[in-house]
Each structure stands twice: as C-alpha cells, then as structure tokens.
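These notes are about the structure you will find just below.
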Amino acid sequence: MAKNKKISSSSDTNIRHLGQKLIKRHHNLVVYMIFGFIAALINTIVFMMLHKWWHSAVVISNTIAFIVSNLASFFFNQKAVFINNVDHDHTTWHKLVVFFAYRIISLIPDTLIMLVGLSWMHLNALFVKIVDQILVGIFNYLTTRSVFQVQGNSIFTRAKNHIQERKNKK
C-alpha cells in the first residue's frame with residue numbers, strides 16, 4: 001500500500017511540474033485568452049446594443065464595436081498580457097498604429113462573417129458574433145504578439161544559423 005502512495009505522489013509531482021512548465025511557457029497565450037475574452041465580450045455587447053437596440057446597420061455596428069473593443073484590447077495587451085520579452089524600442093503610438101494596422105486586416109473577415117451570417121443566412125446575431133469573435137480572435141493573437149514582443153531573428157536567419165550549426169558539428 002505504501003508503494004502505491006509513493007508512486008502516486010511521484011506521479012502527482014511530475015504532473016504538477018509539467019503543468020507549471022506549460023503555464024510558464026504559454027503564459028502570454030493563457031493571459032491573452034482571458035483578456036481576449038473580455039475584449040470579445042465588449043465587442044459583442046457594443047455590437048448587440050447598436051444593432052439590436054438602436055437598429056443601426058450591421059457594418060456600422062460592427063465597425064464601432066471593433067474600434068471600442070480594440071482600444072480596450074490594445075490597453076490590455078500593453079499592460080497585462082505581453083509583459084515578458086517586451087519591445088521597448090518602439091513608442092506606444094508606434095505600437096498603436098501597427099496594432100490597428102493588423103486589426104484593420106482582421107476587420108475585413110470580421111465584417112464579412114457578420115454580413116453573410118446576418119444578411120444572407122439570417123442567423124441569430126448573437127450566435128454569428130460569437131463565432132466571428134472566435135475566428136477573428138485566433139488571427140488577432142498571432143498578429144498581436146508581433147506588436148508587443150521583441151521579435152527574434154527572421155525565419156531566414158534562423159535557418160541560416162541552423163545550417164551553420166549542422167556544418168560545425170560535422
């Protein structure tokens with residue numbers, strides 16, 4: 001019986017250690033998901049208020065919701081999400097411009113999803129907005145990392161270094 005407890009204890013410790021390593025390694029993603037959920041919630045609430053209660057057009061409601069939620073998202077990302085390996089070389093204004101440049105790219109599929117879902121398919125606005133926020137959120141995470149974090153070498157530099165290391169081993 002004591003042997004089983006020892007194995008279980010060791011296994012629990014290993015699992016806990018693995019979990020801590022995963023959280024440390026993916027800290028930015030986990031925190032981004034939490035604050036991304038809040039930003040998506042802001043986007044959804046603003047959209048629903050404008051579209052359902054004030055009966056504004058889909059494109060106008062979606063664009064205003066986009067602006068409001070992305071201002072909040074920029075603040076969240078700058079102050080709470082990307083706090084490790086931070087880019088100090090660029091000003092806040094520079095980061096804001098680059099951030100919105102990437103986000104404007106995501107506004108296109110965002111608006112298309114809303115138009116297709118609501119105007120052409122006549123689906124429930126809340127359902128379409130939730131699906132939209134999930135899909136756009138994935139794209140936004142990938143681009144947002146490049147705004148706030150110091151970027152490593154380009155893929156070509158890394159490939160060149162890898163080839164050089166292999167040659168040195170021979």
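By convention here, the first residue in the shown sequence is residue 1. Values below: every heavy atom of this structure, side chains too, minus hydrogens, waters and symmetry copies.
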Residues clustered with Leu112, ILVMFWY side-chain links under 4.5 angstrom
Ile108
In this structure, which one of Phe35, Phe99, Trp93 forms a ring-ring contact (aromatic ring centres under 6.0 Å, His included) with Phe74?
Phe99
Working to the nearest 0.5 Å, report the span between CD1 of Ile104 and OG1 of Thr63.
10.0 Å
So, taking the atom named CD1 in Ile138 and the one named CE in Met33, what distance separates them when rounded to the nearest 0.5 Å?
9.5 Å
Closest approach of Ile67 and Phe100, non-hydrogen atoms and distance?
O-CZ, 4.3 Å
Can you hop from Val128 to Val58 via hydrophobic side chains spaced under 4.5 Å?
yes
Should Val59 and Leu50 be counted in the same cluster of Ile, Leu, Val, Met, Phe, Trp and Tyr side chains packed under 4.5 Å apart?
no
Can you confirm whether Leu71 sits close enough to Phe66 that some side-chain heavy atom of one is under 4.5 Å from a side-chain heavy atom of the other?
no
Between the CD atom in Gln133 and the CZ atom in Phe47, the distance rounded to the nearest 0.5 Å is 10.0 Å
Output every pair passing salt bridge (Lys or Arg N to Asp or Glu O under 4.0 Å) with a member in residues 37-49, not counting sequence neighbours, ordered by first then second residue.
none
Working to the nearest 0.5 angstrom, can you tell me the gap between Met48 CE and Trp53 CH2?
8.5 Å
Starting at OG1 of Thr13, measure out to CZ of Arg16 and round the result to the nearest 0.5 Å.
5.5 Å
Would you kindly confirm whether Phe139 and Ile134 end up in one hydrophobic cluster when ILVMFWY residues are joined by side chain heavy atoms under 4.5 Å apart?
no
Nearest heavy-atom neighbours spanning Ala125 and His51
CB-CD2, 4.4 Å
Keeping Ser61 on the side-chain end and Ala57 on the backbone end, is there a donor-acceptor pair under 3.5 Å?
yes
According to a hydrophobic-cluster definition based on side-chain heavy atoms being under 4.5 Å apart (Ile, Leu, Val, Met, Phe, Trp, Tyr only), do Leu123 and Leu135 belong together?
yes
Could you give all pairs that pass the side chain to side chain donor-acceptor pair (under 3.5 Å) test and reach residues 104-130, with sequence neighbours left out?
Asn43-Lys129, Asn62-Asp110, Asn62-Thr111, Asn62-Lys129, Ser106-Asn140, Lys129-Asp132
Apply side-chain contact (heavy atoms from CB on, under 4.5 Å) to Lys52 and Leu126, showing your working.
CA-CA 10 Å; Lys52 286 292 188 184; Leu126 182 59; over 6 Å; no
Just verifying a value: how many Å separate Arg103 CZ and Leu96 CG, rounded to the nearest 0.5 Å?
11.0 Å
Minimum-distance pair of heavy atoms, taken over all atoms of Ser69 and Ala39:
CB-O, 3.4 Å
Joint cluster assignment, Ile34 & Phe37, ILVMFWY side-chain distance < 4.5 Å:
no
